[in-house]
There are 2 protein chains.
Amino acid sequence: MSTSTRKAREVQARERLILRTAEAMVAERGYLGMNMDRIAEATEYSKGTIYQHFANKEEIVAALCVEGGERRVELFRRAASFDGRPRERMTAIGVSTELYLLLHPGHVQMEQLFHTESIREKTPESRLQLLFATELGCMDAVVGIVRDAVTEGDLTLPDDVAPEDVCFGLWSLTYGGQSLIAAKPHLGEVGIAEAAAALRRNQHALMDGYAWGPASHAWDYDATRRRILAETFPEEAAATGLV
Amino acid sequence: MSTSTRKAREVQARERLILRTAEAMVAERGYLGMNMDRIAEATEYSKGTIYQHFANKEEIVAALCVEGGERRVELFRRAASFDGRPRERMTAIGVSTELYLLLHPGHVQMEQLFHTESIREKTPESRLQLLFATELGCMDAVVGIVRDAVTEGDLTLPDDVAPEDVCFGLWSLTYGGQSLIAAKPHLGEVGIAEAAAALRRNQHALMDGYAWGPASHAWDYDATRRRILAETFPEEAAATGLV
DNA sequence: TGCGTCTTTGACGGATCGTCAGACTTCGAG
DNA sequence: CTCGAAGTCTGACGATCCGTCAAAGACGCA
């Protein structure tokens, strides 16, 4: 009994070691720089042992995505619990995505990689379920804010628009904006100077478009942003230098 | 002289053949299913000859992206020349992105692939320049519409918002939305039922947020959409069944 | 026809993934 | 303490695919 739990602990510890090693490799040399032989060498286990934990390279990526997803859910939950009007709390969600990108740039890159069907289709169903659970967690946190806005009277949605549709808009805008910033270093050359600031303004424009009060001209959301950084994410703000 | 042009024609024809073959392979068996040996076999040229046209596999992807980008610019130009208010013309841009996704699903997948740094960093600068030119072409068409809206008085931008920033918002929203739709078959399970329709509504919400007139509640943009499909993209609409 | 130049070829080296037969470790029963 | 079954670990190996290059071949021209 106690031996089996010791075994289990060893297995878990090894899995963590493998993931940490893989993560460092991706961060250091990119996705292609991470390969199974190197992981085996770095962890001082044989390739066969690595393959007892993960069926293939893709599953390691999937596992890292799940870990990242869990970190993200955590940030979203904290953002959603910010003390303020619903739209301020939604602003906090936006801040958390910014922080996440700064804190874990490698992970965002991996998420994108994972969206490529070629990778996704080789990962076992069980991992996909876990990943889906983290997405659901994020969605729950965000939808909750939209619903609160509706019940508090800050937001009135037309009959044919569900709270989830508003979330989908903000999700698309943020995901797309961050992807473009990451993928196109030459955004400045097409006239988009301060992409990150532009993304924030666009998020507020979208909420303005749904007439989600208080409107951006009627409220100082820059002050809200500073308050979010100071009150909800002080450590993360310091770590990323966002102040 | 005439021999050299004949040579040149042969080279061009072969390049087209290679690209068409590669495109079909990607469409049929995904990115990983496209490999140089198979291309050589299918085109009945040797691998060495293939490599005289393209330095590596990534450059083939890049070339396909350039081709796709040119097709996209073409669609954007036609959309921008739609006969109507600027916001209607911007709606036409949205329609054109929808059509493009339906007409060339494989290409959108490849664009995403290309955003992965691992691929990008292996493609020669010259191809990147061509790709950049197509992006600039798209941007020009879209920015032109925003400027027209400003000069015609339909849109008044704050001092700190450039027309490009508005474009960036719509670009992010559309790119992100289409990526999410493509990458997450389970959007329905998180409460987003009609993702494509939701994306259109979000695009209009964003424009509403910038107070770009006529507002969506003051204009029948569904009618505009039908007119765009009928007048500007009749063939494409028929081919995709969008009617 | 003969010769120099340009083109084409496909076998090969190198990298990497994933496998598997056999070596090794663990652990309980005798 | 010993032994053997069950479980674990290993790294050499087969397979795949990328990109190269020396050699064979095609072409134009005198």
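Below, chain A is the first sequence line, B the second, and so on; all start at residue 1.
In this structure, A/Asn56 and B/Arg14 both approach DNA chain C, and ranking their closest nucleotides by distance from the 5' end singles out B/Arg14. With DNA chain D read from its 5' end, the first of the two nearest nucleotides for B/Gly48 and B/Met36 is the one closest to B/Met36.
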> Do B/Leu19 and B/Phe54 pass the side-chain contact (heavy atoms from CB on, under 4.5 Å) test, and can you show the C-alpha distance, the side-chain angles, and the key distance before you say yes or no?
Replying inline: CA-CA 10 Å; B/Leu19 288 178; B/Phe54 303 97; 3.7 Å; yes
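When rounded to the nearest whole Å, the span between CD1 of B/Ile119 and P of D/dC18 equals 12 Å. Look at CD on B/Glu44: it is 15 Å from P on C/dT8, rounded to the nearest Å. In this structure, the CG atom of A/Asn35 is 15 Å from the C1' atom of D/dC18, given to the nearest Å. Look at CG on B/Leu32: it is 13 Å from C1' on C/dT16, rounded to the nearest Å. Rounded to whole Å, atom P of C/dT16 lies 12 Å from atom CD1 of A/Ile39. Here C/dA15 presents its P atom at 19 Å from NZ of B/Lys57, a figure rounded to the nearest Å. The interatomic distance linking A/Met34 (CE) with C/dG18 (P) rounds to 10 Å, in whole Å. Nucleotide C/dC20 holds its C1' atom 17 Å from the CD1 atom of A/Ile50, rounded to whole Å.
Among the protein residues, B/Glu58 comes within range of the sugar-phosphate backbone only, with heavy atoms under 4.0 Å from sugar or phosphate atoms but none that close to a base. Among the protein residues, B/Asp37 comes within range of the nucleic acid bases, having at least one heavy atom under 4.0 Å from a base atom.
Nearest to the side-chain atoms of A/Thr49 among the listed nucleotides D/dC9, C/dT16, D/dC18 stands D/dC9. Listed nucleotides: D/dC17, C/dG10, D/dC9. Nearest to the side chain of A/Ser46: D/dC9. Among the nucleotides C/dC17, D/dT20, D/dT10, the one closest to the side chain of B/Tyr51 is D/dT20. Listed nucleotides C/dG18, C/dT8, D/dC9 differ in distance to B/Gln52; the shortest reach to its side chain belongs to C/dT8.
Taking 4.5 Å as the limit, some side-chain heavy atom of A/Thr123 sits within range of a side-chain heavy atom of A/Phe114. Between B/Ile181 and A/Phe168, some side-chain heavy-atom pair lies under the 4.5 Å cut-off.
Using a 4.0 Å cut-off between charged side-chain N and carboxylate O, A/Arg20 and A/Glu67 make a salt bridge.
Taking the six-membered ring where tryptophan is involved, the planes of B/Tyr100 and B/His104 are tilted, since the angle between them lies from 30° to 60°.
Residue side chain A/Lys47 reaches the base of C/dG18 through a donor-acceptor N/O pair under 3.5 Å, judged by distance alone.
Contact check, A/Lys122 against C/dC17: no side-chain N or O comes under 4.0 Å of OP1 or OP2.
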